[in-house]
Amino acid sequence: MNDPWIWIEAIMTLAILSYLYKDNPVYKAAEYLFVGIASGYYLSIYFQNVLVPNLFVPSWRGVHAAFGPGTPAPTDLIRLSSLMLAVFMFMRFSPKGAWLSRWPLGALVGAYAGLAVIGLAQGDLIPQIDSNLLPIITPGSWSTLAGAQGLAQGMAAFLGLFSNVVLIVGLLATLVYFFFSLEHRGFTGRTAKLGVYFLMISFGASYGFTVMARISLALDRLRFLFEDWLGIHISG
Amino acid sequence: MSLTQRIESLDRRWIFLVMLVAMSFPLIVHMKLPVRASPEARGFYENIEKLQAGDVVYLASDYDPGGKAELDPMLLAVLDRLFQKNVKIVGATLWPAGSPLLERAYKAEAPKYNKVYGVDYVHLGFKEGKENVMVQLGKSIREVFPVDYYGTPLDSLPLMHSGLNGKPIDKLNDTKLLVNISIGYPGTKEWVQQVRSRFNLPMISGCAAVSAPEYFPYVQSGQLSGLLGGLAGAAEYEEMIDRPGWGVTGMAAQSLAHVTIVLLIVLGNFVYFWNRRQGVSRP
Amino acid sequence: MKLFDPSRFPIFLAIALLGILTVWLITRARRGESFFIRKIAGLEAVEEAVGRATEMGKPILYVPGIDDANNIQTIYSMIILGYVAKMVARYETPLIVPIAKAFVMPLAEETTRQAYLDAGHPDAYNRNNIRYLSDEQFAFAAGVNGIILRERPAANLYMGSFFAESLLLAETGFQTGAIQIAGTANIHQLPFFVVACDYTLIGEEFFAATAYLSREERLVGTLKAIDYVKIVIIVVLVAGTLLASVHVNFLHEFLNLE
Amino acid sequence: MLRREVPILLAMIVGWFMVGEFFFPWAEPAGTEVQQMAVIITATGVILGVANVIRINLLKVSRRERDWRYSILLLVGLGVMALLGTILPVVHAAVHGGGWKIGPFNLVGITDGTLFDRLYNRVYVPLSATMYGLLAFYIASAAFRAFRVRTMDATLLAVAAIIVMIGRVPLGEKIWDGIPLLTDWIMNVPQLAAKRAILIGAALGGIATGLKILLGIERNFLGSD
């Protein structure tokens, strides 16, 4: 309770919470301090964990190998050229040379495009289609229904009967909703409408989960204030 | 102005006060409620139980202070269980503000089972590059992380050159399981797309509740062998390894807060429609 | 070292199919062929909202998301901004565009100025309605809420990449009774837009809206290529389900990468 | 030529390396080199972002614009963290300094036991965590004031949200042990089907956009100039 650092953390927490009552100078100061500390933190972590081990050290080795004694290994030369390309990014601020920063940007966008094409095809598209090729009757659902005791299990087993049908129909209906070459009229219109209903259920589920997420964030801060700052014992 | 009208135009700070009470009361009064495990959480538990002593897992702790509330309890519970089972851990993060959180979790759990840094667990720190880093880790960990979080070269860490049955750990596939604690991008979705399918490494994930619904298709397709969703996921896992921590306590407060939100939705709509029937409500 | 990894053939097939269709349809679109795209209900709502705002002479708020220019949604949001600006140019209604990232500022100014020019009212373009507020997520949301409460726009349009602050904007806008239309591909934010806005462009609909508006050949070509591949996927899904129901799983074997 | 063609050409070459490396394993080493470059370029992008924050706030202070006093606080916070995490370590390495300490904390470096790490845990973490914590209160006021069930769509959303919210907390089981089972079914069947459709649509859109870059058709990532 008397550790000065706990008081600092409490002040930071209360400064932000004060915004709930009214926007005030203490909140504004905490907000600006937050942006400053975060930027300073990012600068240091990128310097320590990325630039030193992945840029300065290898380029020092590359320069040393290239111009120092002995024949430079090809990888060192390649590494030096890729480091040079990366340094062009810093030209972005100079009025004349800004176009030079587009070269590394182009390479970066190309890298992410190549990875996206592979990752999306192999990780999302094919497996998600493959895992929806389901038999209409959920295998084994009859036996679970027969063995279910009580209303709750009975209801769950009864719903289980239709799991595959709902998965198949739901996926097809929602895909039709995101189909743009046919007007939403007649059969397509009704299927698209069914697709919207599935979307709304999925948004409802996401709403529920997001509520849970936000509340646990506030709970963590309240725990700190009650337990660490005010000394009321709480957590298990 | 009728009662319902006054309620409808209530100053939002009264609602803030109601929420503050709903969240604080169960904390102070130590309300405790039993937690029931969901199927995807059981998958997460079973996959860790299957690990043997000496196995090595790759721990991708991809979150920052914004996600601390939900994911710290998960990370602590997972580390507790892995250390208890003498499983070795290679940990790293793709989030710039994530390294200190992993370090603090290690410092909290390792002494309990007197685990030694460099032998039983390793902290490789943070690396920028998102999907690029993931694919490259699948080929060579040393290329991505020449040194660990403390600047020590990887080869001088016993764990890195004598993993399971003496084989050195060069790439992700030299580990048995990918355990990912994830708050957003880059996170579980990118690990599934770039690593799980490409390098065929079994994977389980603990994620923030906000992103959990999007990952259910990966559980049904078998790409994710287990999923913990938000504080509820943490509580379920704590219950399964009977190590009650903040997850279980928090869930009691969470229950009352959820009921409050549901009542607010119902009340909000009741008052809105009631006033409309009286033809007085705002749009 | 195998020359070509056979288990990855279905992936190659999917990429090749989509690639060939995209190039083929873009070239056809470039040769002037026009393609049918269904009406996007959200866009009609935008026209109606802008119309109402201009009648009441109250401003229109257009928020192009909080992400940087490297996010494709921010670039597509500029297309919708241009469309709205062209509609508004003929009237004195102010079009307020709050910006969250410094690099997006020139894009928004350029798009709006060009739209006013195309509509024949270059003088109506007011540069200080394109306002950079803050890089920080919640400071930006507070800034936009300030505009909503002070200048009381009649129509709030949220088009682009949004995160946790979507809830704050949609709620404040709801309170002032403005017509609100949102569009984003960030699925986790859609629940909050759907409950608080009058209309929402959901995921792909947001991208389709930009193709519908701009009729730009690359966008239209891609949209049609994806639609054709969706037909193939629907056929595969239906066939796969029927086959699986009679325990014939050659399709499953073919697609299974494990 | 140099302004637009070269970057697009670079994007195509690098992109095809990434794809080629996946289908033809023998192309792997080249892919590794490209990834090394991407790691550094992304890092420089962040450092430029921080430089931009410094530039904007320095201008604000020098011109005494609105809230310039707060910008000073921002620059002080940024300066302290940059000093401890970047500048001092370089100086310390240069002069091969010993254990520089301030009170119980190491002055140099960013890991446990340093002043940098203590500022991270006691200032940055609470500010960031509480900023997100505010959302719990906003979500409550939005639930009351901006969640109107006026259409069939909104009704379905509300019903699903309420079942999930109650089913995911221990209280749900207390009310009726069927609620959590109903929540599990909603999460694993109808909700999953819609999310899977969105996943497939997003995958198709992402692959098409990626291919357009690899084929040099997509150019607006360079911005209009």
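Just the heavy atoms: all of them, side chains too, but no hydrogens, waters or symmetry mates, feed the values below. Throughout, a chain's letter reflects where its sequence line sits, starting with A, and its residues are numbered from 1.
Between the side chain of C:R218 and the backbone N or O of D:I217 there is at least one donor-acceptor pair closer than 3.5 Å.
At a 4.5 Å heavy-atom cutoff, the contact between D:S141 and chain C is made by backbone and side-chain atoms alike. Interface remark: C:I202 contributes no atoms to any contact with chain D (heavy atom separation under 4.5 Å). If you measure heavy-atom distances from D:A208 to chain C, the contacts under 4.5 Å come from both the backbone and the side chain. Looking at C:F138, the atoms closer than 4.5 Å to chain D (heavy atoms on both sides) all sit in the side chain, from C-beta outward. In this structure, the portions of C:I15 lying under 4.5 Å from any heavy atom of chain D include both its backbone and its side chain. Only the side chain of D:L157 comes within contact range of chain C, with at least one heavy atom under 4.5 Å from a heavy atom of that chain. Residue contact with chain D, scored on non-hydrogen atoms closer than 4.5 Å, involves the backbone and the side chain of C:A196 alike. With a threshold of 4.5 angstrom between heavy atoms, C:Q137 approaches chain D through side-chain atoms but not through N, CA, C or O. For C:Y132, the part lying near chain D is the side chain, with the backbone staying farther off; criterion is any non-hydrogen pair under 4.5 Å.
Under the 6.0 Å distance and 45° angle rule, C:R8 counts as a cation-pi partner of D:F22.
Here the OH-CG distance, from D:Y138 to C:L167, works out to 9.5 Å after rounding to the nearest 0.5 Å. The CD1 atom of C:I226 sits 13.0 Å away from the CD1 atom of D:I200 when rounded to the nearest 0.5 Å. For the atom pair CZ (D:R196) and CG (C:L237), the distance works out to 9.5 Å, reported to the nearest 0.5 Å.
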- prompt: How far apart are the C-alpha atoms of C:I26 and D:K212, what are their side-chain angles, what is the distance that settles it, and do they pass the side chain to side chain contact (heavy atoms under 4.5 Å, CB included) test?
  reply: CA-CA 10 Å; C:I26 287 181; D:K212 283 192 288 184; 4.0 Å; yes
Candidate pair C:L168 and D:L135, rule side chain to side chain contact (heavy atoms under 4.5 Å, CB included), full reasoning: CA-CA 9 Å; C:L168 310 179; D:L135 288 166; 4.2 Å; yes
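Contacts with chain C were tallied for D:V19, D:L134, D:I56, D:I139; D:I139 has the most, counting heavy-atom pairs under 4.5 Å. Most heavy-atom pairs under 4.5 Å with chain C, from the set D:L211, D:L204, D:V53: that is D:L204.
Among residues 158-166 of chain D, no residue has any heavy atom closer than 4.5 Å to a heavy atom of chain C.
In this structure the side chain of D:R150 reaches within 4.5 angstrom of the side chain of C:D198, judged on heavy atoms. Looking only at side-chain heavy atoms (C-beta outward), C:V194 and D:D153 stay at 4.5 Å or farther from each other.
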